[in-house]
Number of protein chains: 2
Amino acid sequence: MSAIADVAKLAGVSKATASRALSGKGYVAEPTRLRVTEAAAQIGYVASPNAASLVTGQTKNVGVVIPFINRWFFAEVLEGIEEALLDRGYDMTLYNLSADSPDRGRIFEFFLARKRFDGVIAVGVEMSADETARLHSLGKPVVGVGGPLPGIHTIGIDDVATARLATEHLLRLGHTAIVHIGGRQAEQMDFAVHGKRLTGFLEAMHAAGLPADGVFETEMSLPGGYEAGLRVLGDPRRPTAVFAASDEVAIGAIIAARQLGILVPAELSVIGIDGHEYADMFRLTTLEQHPRSQGTLAVELLMAEVGASDQLPTEPSHTLIPVDLAMRVSTRAPGTSAS
Amino acid sequence: MSAIADVAKLAGVSKATASRALSGKGYVAEPTRLRVTEAAAQIGYVASPNAASLVTGQTKNVGVVIPFINRWFFAEVLEGIEEALLDRGYDMTLYNLSADSPDRGRIFEFFLARKRFDGVIAVGVEMSADETARLHSLGKPVVGVGGPLPGIHTIGIDDVATARLATEHLLRLGHTAIVHIGGRQAEQMDFAVHGKRLTGFLEAMHAAGLPADGVFETEMSLPGGYEAGLRVLGDPRRPTAVFAASDEVAIGAIIAARQLGILVPAELSVIGIDGHEYADMFRLTTLEQHPRSQGTLAVELLMAEVGASDQLPTEPSHTLIPVDLAMRVSTRAPGTSAS
DNA sequence: ATGAAAGCGCTAACAC
DNA sequence: GTGTTAGCGCTTTCAT
């Protein structure tokens with residue numbers, strides 16, 4: 001006998017009434033509702049989401065596709081999503097989609113095709129037209145975090161503008177020997193993040209009439225920043241400031257600087273992008289991009305679409321998260337020491 | 001019409017045969033099987049796991065309960081689990097169970113009660129007798145990572161022994177002024193990890209006939225290690241070696257050391273526990289505890305139980321992951337400089 | 001080796 | 001307001 005039948009019997013009502021009482025949908029007399037909820041509590045009844053999904057089509061589950069778990073920005077977005085989802089009674093199913101792994105195909109063709117979710121959040125995943133089409137054909141809403149994606153609602157920062165902002169901050173302090181350490185252009189992340197941040201840097205330098213020949217490529221990670229930092233700063237004609245394409249790269253570079261006996265920020269200003277919680281510790285200036293809130297916002301966007309699935313789809317938009325210079329600014333004018 | 005009915009019609013067989021052909025269970029003539037799989041491929045058929053679960057009770061989904069996503073050890077375990085699960089065609093549903101948040105109750109009483117999974121992996125979560133009982137009553141296998149849990153299979157490292165090993169390594173190098181930086185005893189993590197690692201330290205110091213009064217408590221994180229590092233190393237009578245209760249604390253301490261102009265490892269040896277991938281960069285000696293493999297192993301254990309659910313339950317065991325001194329040893333004898 | 005029919009646990013029409 | 005009935009899409013006896 002189905003579980004809800006037990007509840008119904010115990011409360012002396014029909015399954016239908018029990019269902020209505022428990023789900024809050026449809027008319028149920030208050031005393032009846034009470035008897036049912038009590039009966040449910042007594043047996044410890046929890047509805048089988050499978051059975052419910054089968055008939056309603058709603059799964060109370062959201063799929064998240066993400067390329068990394070163990071990278072600060074992504075982990076943070078994930079925590080934001082998870083918390084927001086939990087609040088709404090949703091489960092989160094995680095698909096760790098390594099950039100160009102052979103699993104990518106399987107995830108789209110098999111895992112996602114199972115439609116175990118009411119919607120999908122793609123974090124930092126640039127989907128091909130084919131992939132978005134496939135997702136759309138499932139008839140489930142999709143939102144993206146990280147960059148514009150044709151046909152779906154997305155949020156993210158303006159990478160070019162952010163990079164320009166960071167560079168301009170250094171310029172404003174009087175730095176002229178500025179170097180950019182960024183991800184390798186040959187191994188772009190999705191949404192060409194490496195390229196966009198480089199572009200912003202170049203734009204700012206050109207606008208200031210400065211040569212922009214100080215561009216160093218490395219892996220977009222802490223060890224990558226470290227490695228590049230050693231290269232950049234080992235040279236006696238080293239720059240007075242570094243704009244790193246991510247906080248992780250920036251921190252790696254700072255570690256390298258200290259390794260070489262260079263004081264940060266007294267002898268070298270470093271600025272990154274992310275608003276990393278460790279920035280203070282490393283004396284790092286960073287631009288705040290609120291990864292946690294990006295996760296929360298993505299959930300809100302998705303929920304709006306989940307609820308309004310029968311409405312006309314609104315024009316897909318790309319919402320830009322405002323990026324601001326974090327309070328913990330510790331960059332200095334060149335040659336300046338203590339604050 | 002149900003999707004499998006479409007496949008069946010296209011292949012000219014009954015739903016039952018189509019199901020058998022697709023699932024591989026039951027007798028199907030080879031040519032028939034072929035016709036069915038082709039038909040399925042043609043329509044792009046993927047079985048609805050909801051409907052299947054409803055009748056089989058199998059969900060092809062595993063729930064993971066974990067206190068942090070954004071901490072290196074946990075993120076790494078998670079990636080290991082996710083990969084192993086994906087290989088087996090399983091989905092992973094994540095429950096981010098913050099230590100003592102009010103959500104904890106909700107997760108056990110509501111989310112987990114929904115039984116959307118064939119099993120649960122609890123990572124670094126010490127469950128109360130009540131909680132394990134509740135989980136058991138769902139009739140789904142559970143395995144734990146991090147410490148022994150009564151009644152279920154678990155894996156983890158021997159925290160006391162590992163801490164002793166780390167301390168002994170420093171003693172063997174000739175250090176006598178050794179300090180322990182660990183998590184606050186008042187805010188234990190689950191499984192009393194802080195306490196156990198402290199115990200191992202004290203045991204080794206006592207065995208060596210040394211006073212063990214150098215114990216500093218802080219938050220078990222990178223900033224925590226930094227803060228404690230400043231305290232410990234600011235004192236002119238500073239130690240020659242630090243045993244940190246985790247790599248994150250160790251790295252924080254090293255950052256503090258460099259901030260204070262102390263060279264690591266030339267002037268200060270630091271040892272941690274985790275086998276953190278960033279250890280090299282920080283010149284950190286660390287004990288390898290293979291977090292990724294712990295995730296993989298947990299999945300293997302769980303799968304064994306999922307498959308053999310009708311067998312007699314084997315006696316729950318706690319498997320100790322061997323911990324070894326990572327190759328990247330850079331600790332030094334006191335007062336020693338370059339290698 | 002294949003098909004017909006029952007039913008997993010629930011919700012949604014539709015009657016009353 | 002409440003009960004009756006008919007499925008949701010699949011797997012699984014049980015016949016054949």
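Numbers restart at 1 for each chain; the letters A, B, ... are given by sequence-line order, proteins then strands.
The A:L54 side chain lies nearest to C:dG9 when the options are C:dG3, C:dG9, D:dT11. Ranking C:dT11, C:dA12, C:dG7 by closeness to the A:K25 side chain, first place goes to C:dA12. Checking D:dT2, C:dG9, C:dG3 against every side-chain atom of B:R20, the shortest atom distance belongs to C:dG3. Of the listed nucleotides (C:dC10, C:dA12, D:dG3), D:dG3 has the atom at the smallest distance from the side chain of A:V13. The side chain of A:Y27 lies closest to D:dT2, out of C:dG9, C:dT11, D:dT2.
Going from atom CD1 of A:I4 over to atom C1' of C:dC8 covers 14 Å, rounded to whole Å. One atom, NZ of B:K9, and another, P of C:dG3, lie 15 Å apart when rounded to the nearest Å. Atom NZ in B:K60 sits roughly 15 Å away from atom C1' in D:dC10 (whole-Å rounding). The distance from atom NZ of B:K15 to atom C1' of C:dA6 is 11 Å, rounded to the nearest whole Å. Atom CZ of A:R35 and atom C1' of D:dG1 are 12 Å apart (whole Å). The distance from atom CG of A:L22 to atom C1' of C:dG9 is 13 Å, rounded to the nearest whole Å. The separation between A:N50 atom CG and D:dC10 atom C1' is 11 Å, rounded to whole Å. Atom P of nucleotide C:dC10 and atom CZ of B:R116 are separated by 13 Å, given to the nearest angstrom.
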| task | Go through the steps for B:T59 and B:D118 under the test side chain to side chain donor-acceptor pair (under 3.5 Å), then give the verdict. | result | CA-CA 6 Å; B:T59 60; B:D118 295 337; 2.8 Å; yes

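Contacts of B:A16 with the nucleic acid, taken as non-hydrogen atoms under 4.0 Å apart, include base atoms. Using a 4.0 Å heavy-atom distance criterion, A:A47 is classed as a sugar-phosphate-only contact. A:S53 comes within 4.0 angstrom of no nucleic acid atom, judged by non-hydrogen atoms across all strands. Within 4.0 Å of B:S23, counting heavy atoms only, lies no atom of the nucleic acid at all.
A:S14 and A:T17 form a side-chain donor-acceptor contact under 3.5 Å, judged by distance and modelled atom types alone. Using modelled atom types, one finds no donor on one side chain facing an acceptor on the other under 3.5 Å when comparing A:D103 with A:Y95.
In this model, the phosphate group of C:dC10 is approached by a side-chain N or O of A:Y45 to a distance below 4.0 Å at OP1 or OP2. For A:S2, a side-chain nitrogen or oxygen approaches OP1 or OP2 of C:dC10 to under 4.0 Å. Phosphate proximity of D:dT2 to A:T17: absent, as no side-chain N or O sits under 4.0 Å from OP1 or OP2. Phosphate contact (OP1/OP2 of C:dA1, side-chain N/O of B:T32, threshold under 4.0 Å): absent.
A heavy-atom distance below 4.5 Å is not found between the side chains of B:K25 and B:R20.
A donor-acceptor distance shorter than 3.5 angstrom exists from the side chain of A:S53 to the backbone of A:Q58, with no hydrogens or angles considered.
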I'd like a table of donor-acceptor pairs (distance under 3.5 Å, sequence neighbours excluded) in which one partner is a side-chain atom from residues 39-52 of chain A, with atom names and distances.
from: A:S48; atom 1: OG; to: A:N50; atom 2: N; distance (Å): 3.4
from: A:S48; atom 1: OG; to: A:A51; atom 2: N; distance (Å): 3.2

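Across every non-hydrogen atom of B:V125 and B:P67, the tightest pair is CG2-CD, 3.9 Å.
Both the sub-6.0 Å distance and the 45° axial angle are not jointly satisfied by B:R71 relative to the ring of B:F73.
A:R33 contributes no side-chain N or O that forms a donor-acceptor pair with the base of D:dG1 under 3.5 Å.
Summary for the helix from C:dA1-D:dT16 to C:dC16-D:dG1: the axes at its two ends, each from 5 pairs, differ by 40° when rounded to the nearest 10 degrees.
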